[in-house]
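Within every chain, numbering begins at 1; the chains are lettered A, B, ... in the order of the sequence lines, protein sequences first and strands thereafter.
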Amino acid sequence: MLTPTDNDYGTRPEKVPERRGSLWSDPEAEIRNLPGIGHKLAKKVVEDLGDGSAQAAIVMVERNPYNLTDVDGIGFKKADRIAREAYDIGPDDIRRHEAGNRFILEMRGVLNEREFFAERVKLELRDQNLKEHGVELEEGHYWLPEELDAELQLERWMRGLPRGEALQLADLSEDQTAVLDRMGADDQQRLAVRAILANRVLCFTGGAGTGKTFCVAAAMDCGIRQRWSARGMAFAGKAADRMREALDAYGVMAEATTIHKALGFQKKSFTVDVLGEKLYVIDEASMLPNWLLWAVIKRLPEDAHLVLVGDPNQLPPIGYGTPFVDLLKHGAPHVHLEKNYRQQDQQGILHMAEGILNRSRPAPAECVEMHLYVAPANLDSLFDSLIQKHGGPDYEGWQVITYTNEVAERYNLRAQAIVNPGGVALFEYPLWKLGTGERNRPLYHAEVREGDKVIVVKNSTTLGIFNGQTGRVLGLTSKAKIVQRKNSVTGHWEEQIGDVMPHLLVDITGREVAVPEDEVEKFIQLGYVITVHKAQGSDWPRVIVMQPGKVRDDTARKFFYTASTRAKNHLCIVSGLRVVAWWTNAATDAPDVPSTLMKRLAKAKPMFPCLNCGTPVAHLPHDGICWDCVSSMEGGLLVDPADLKDYEPEPGPEFDAAIERNGHARPLLPSEWEDVKHSATPATWRTLRQSAPVAAAEPHQTGEDSERIAAQFRALDVVW
DNA sequence: TATCCCCA
């Protein structure tokens with residue numbers, strides 16, 4: 001079955017070769033002629049599977065046709081059809097089961113046995129002996145192995161974290177105080193900076209407009225003043241770009257990139273093994289799925305500080321897991337900014353957002369327009385009048401936000417008809433969500449005209465544009481296309497001059513960007529109306545939230561909260577629901593079911609006394625030494641070897657190897673630890689006898705200290 | 001049962 005994303009609807013190969021066997025002279029044609037693959041997909045197959053070589057791609061496909069699922073735009077079903085029709089692969093081939101099992105879990109996350117079998121039946125995966133191929137079964141649940149590993153590792157890492165009471169505050173040097181004075185930080189923000197500098201791991205939360213980014217920039221600057229190196233990261237390109245702008249604006253000497261870039265993402269994996277900086281700040285952390293957060297944590301140097309900045313009330317990650325929310329629930333060190341700077345003049349929007357979170361209806365306010373219980377027949381005309389009132393040529397000034405792409409596509413056409421009716425049409429793209437007609441063609445197309453408001457829908461490093469940025473179409477120009485080619489000798493990517501072709505000129509945040517004609521459809525769409533996911537991380541003076549019906553219960557509150565808080569001065573809400581139904585929907589959140597990670601953490605684990613300070617902790621990450629001790633260690637461990645003879649670390653090959661190298665089985669000095677830390681997993685070292693003797697305990701922080709700090713924060717309206 | 005991210 002063809003999917004709506006298969007937009008190879010027009011072109012067919014000009015020449016149809018007669019037989020596959022005679023095609024070795026033209027391997028690309030062979031790929032193109034596979035069932036369900038056309039021109040465009042064939043190119044991607046060659047690029048993704050063969051690294052540019054069609055011959056190599058064919059070898060990959062012949063070895064295992066299900067390798068095709070690695071190509072963007074090819075799922076299990078399309079690969080399966082090719083495997084069975086073109087390569088005679090039987091229904092119970094191991095490769096088929098492996099790909100099918102993985103496909104199911106890639107779509108659905110973690111499934112129990114019954115759910116998993118139901119999905120297998122749908123894909124006609126019948127042989128029960130092959131039900132675990134490519135996936136892992138753990139206590140009645142099926143997992144992708146890498147997903148299970150990420151979660152187990154996160155669990156281990158979280159058990160080793162200080163919890164709640166361990167929030168610490170750094171003292172600021174004169175230099176640092178001067179920085180904060182110059183930046184104009186208030187007391188709340190100063191405390192946040194001190195917390196960032198003092199805690200190895202810190203969650204940093206606050207709603208839109210509470211100045212999180214400001215604090216982060218200030219903290220990074222202060223870090224740099226004490227000779228730390230610092231780096232900002234974000235999941236999304238646009239968020240990284242915003243952070244970079246903020247750092248530039250405050251004159252902070254630190255880079256900000258996507259996580260993928262920082263970890264050296266290539267093809268399907270990360271190439272950076274250990275990160276080199278001292279302070280890492282991840283923005284929009286609520287967007288991180290388990291695997292990605294773990295990918296960062298496992299690469300952190302041991303003395304690094306990690307700050308996770310986010311708003312747990314915003315939209316959850318697309319992938320599996322909600323590690324940011326889990327960390328907060330688990331009680332990791334946490335600073336919350338309460339005071340809102342941005343919406344101080346527009347308290348109505350703030351109260352609206354609070355109302356959605358707290359299930360309370362705020363008093364009516366001038367800056368919040370509610371249009372509820374709108375009859376379906378009147379939705380369009382109401383929309384039109386709102387655009388006439390709040391829309392206009394100042395595209396930076398307003399934005400319509402929806403939940404689904406279908407609604408976005410529909411109302412983009414209406415908004416365009418009002419705002420830019422007479423612009424010259426420059427190109428068009430298919431509106432797949434508005435339905436498909438015969439022969440799988442889209443029913444509607446959108447015209448992009450001169451003067452239109454547009455949105456970037458995909459990052460391009462070549463063009464320097466990011467998914468989610470909005471802009472204005474300036475016109476057309478003709479110039480040579482710049483293409484990125486991999487130099488076959490050096491292996492580096494290089495910019496080369498390609499064919500001369502028309503380019504679409506777009507003004508994006510004040511910069512003129514020329515998008516080559518053949519890539520416009522990939523990068524540019526109408527931007528009057530966008531989905532909430534694309535709006536995340538941006539704000540506009542006037543926002544219209546256009547959502548005719550109910551939003552699914554488990555997402556509703558996050559959708560309305562995120563969408564409403566995008567507005568700085570004026571907010572319009574449009575819905576067909578009655579007043580009570582709307583408020584019920586808007587305040588409905590997913591039932592508070594603990595994530596699988598939280599369930600793991602809730603299970604009791606044996607406690608072990610730290611060899612250095614004696615504090616019992618569930619996990620001793622550093623060879624019997626707790627996190628706090630290791631982090632405060634400069635010269636070496638103060639452990640008397642005589643006290644250690646009764647310890648019995650867990651046996652195993654890694655442990656044996658480590659003993660052999662070191663000649664003993666006691667916890668290691670930091671210098672020794674350097675030698676074995678890469679080969680001995682912490683799990684190998686962690687099992688210690690509970691009755692073991694312990695060095696004199698000296699807690700790192702008394703209850704009094706933490707109470708004093710808590711009081712300081714409370715006094716400043718900061719919750720932690 | 002919808003949403004969507006990442007690179008050389």
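Pairs engaging residues 457-471 of chain A under the side-chain hydrogen bond (donor to acceptor under 3.5 Å, both in side chains) rule: Asp241(A)-Gln469(A), Thr462(A)-Gln484(A) [sequence neighbours left out].
Look at Thr258(A) and you'll find a side-chain N or O under 4.0 angstrom from OP1 or OP2 of dC7(B). Distances shown here put a side-chain N or O of Thr531(A) below 4.0 Å from the OP1 or OP2 atom of dC4(B). Under 4.0 angstrom from either OP1 or OP2 of dC4(B) there lies at least one side-chain N or O belonging to Lys534(A). OP1 or OP2 of dT3(B) has at least one side-chain nitrogen or oxygen of Asn405(A) nearer than 4.0 Å.
For the pair Glu119(A) CD and dT1(B) C1', the interatomic distance rounds to 11 Å; values are reported in whole Å. Taking atom CZ of residue Phe270(A) and atom P of nucleotide dA8(B), one finds them 11 Å apart after rounding to whole Å. Distance NZ (Lys522(A)) to P (dC6(B)): 14 Å, rounded to an integer number of Å. Rounded to a whole Å, the CZ atom of Arg552(A) is 8 Å from the P atom of dA2(B).
The six-membered or imidazole ring of Tyr528(A) lies away from that of Tyr411(A), with a centre-to-centre distance of 6.0 Å or more.
For Asp248(A), the salt bridge (charged side-chain N to carboxylate O under 4.0 Å, His left out) test picks out no residue, with sequence neighbours left out. For Phe265(A), the ring pair (Phe, Tyr, Trp, His ring centres under 6.0 Å) partners at least two apart in sequence or on another chain are His260(A), Phe270(A). Checked against ring pair (Phe, Tyr, Trp, His ring centres under 6.0 Å), Tyr66(A) has the following partners two or more places apart in sequence or in another chain: Phe76(A). Annotation: ring pair (Phe, Tyr, Trp, His ring centres under 6.0 Å) contacts of Trp291(A) (sequence neighbours excluded): none.
Nearest nucleotide to the side chain of Tyr403(A), out of dT3(B), dA8(B), dA2(B): dA2(B). Residue Thr404(A) places its side chain closer to dT3(B) than to any other of dC5(B), dT3(B), dC7(B). The nucleotide whose nearest atom lies closest to any side-chain atom of Asn467(A) is, among dC5(B), dT3(B), dT1(B), dC5(B). Considering only side-chain atoms of Thr555(A), the nucleotide from dA2(B), dC6(B), dA8(B) that sits closest is dA2(B).
Each of Met107(A) and Phe235(A) has a nearest nucleotide on DNA chain B; the 5'-most of these lies closest to Met107(A).
Sorted by residue number, the members of residues 310-326 of chain A with any non-hydrogen atom under 4.0 Å from DNA chain B read Ile318(A).
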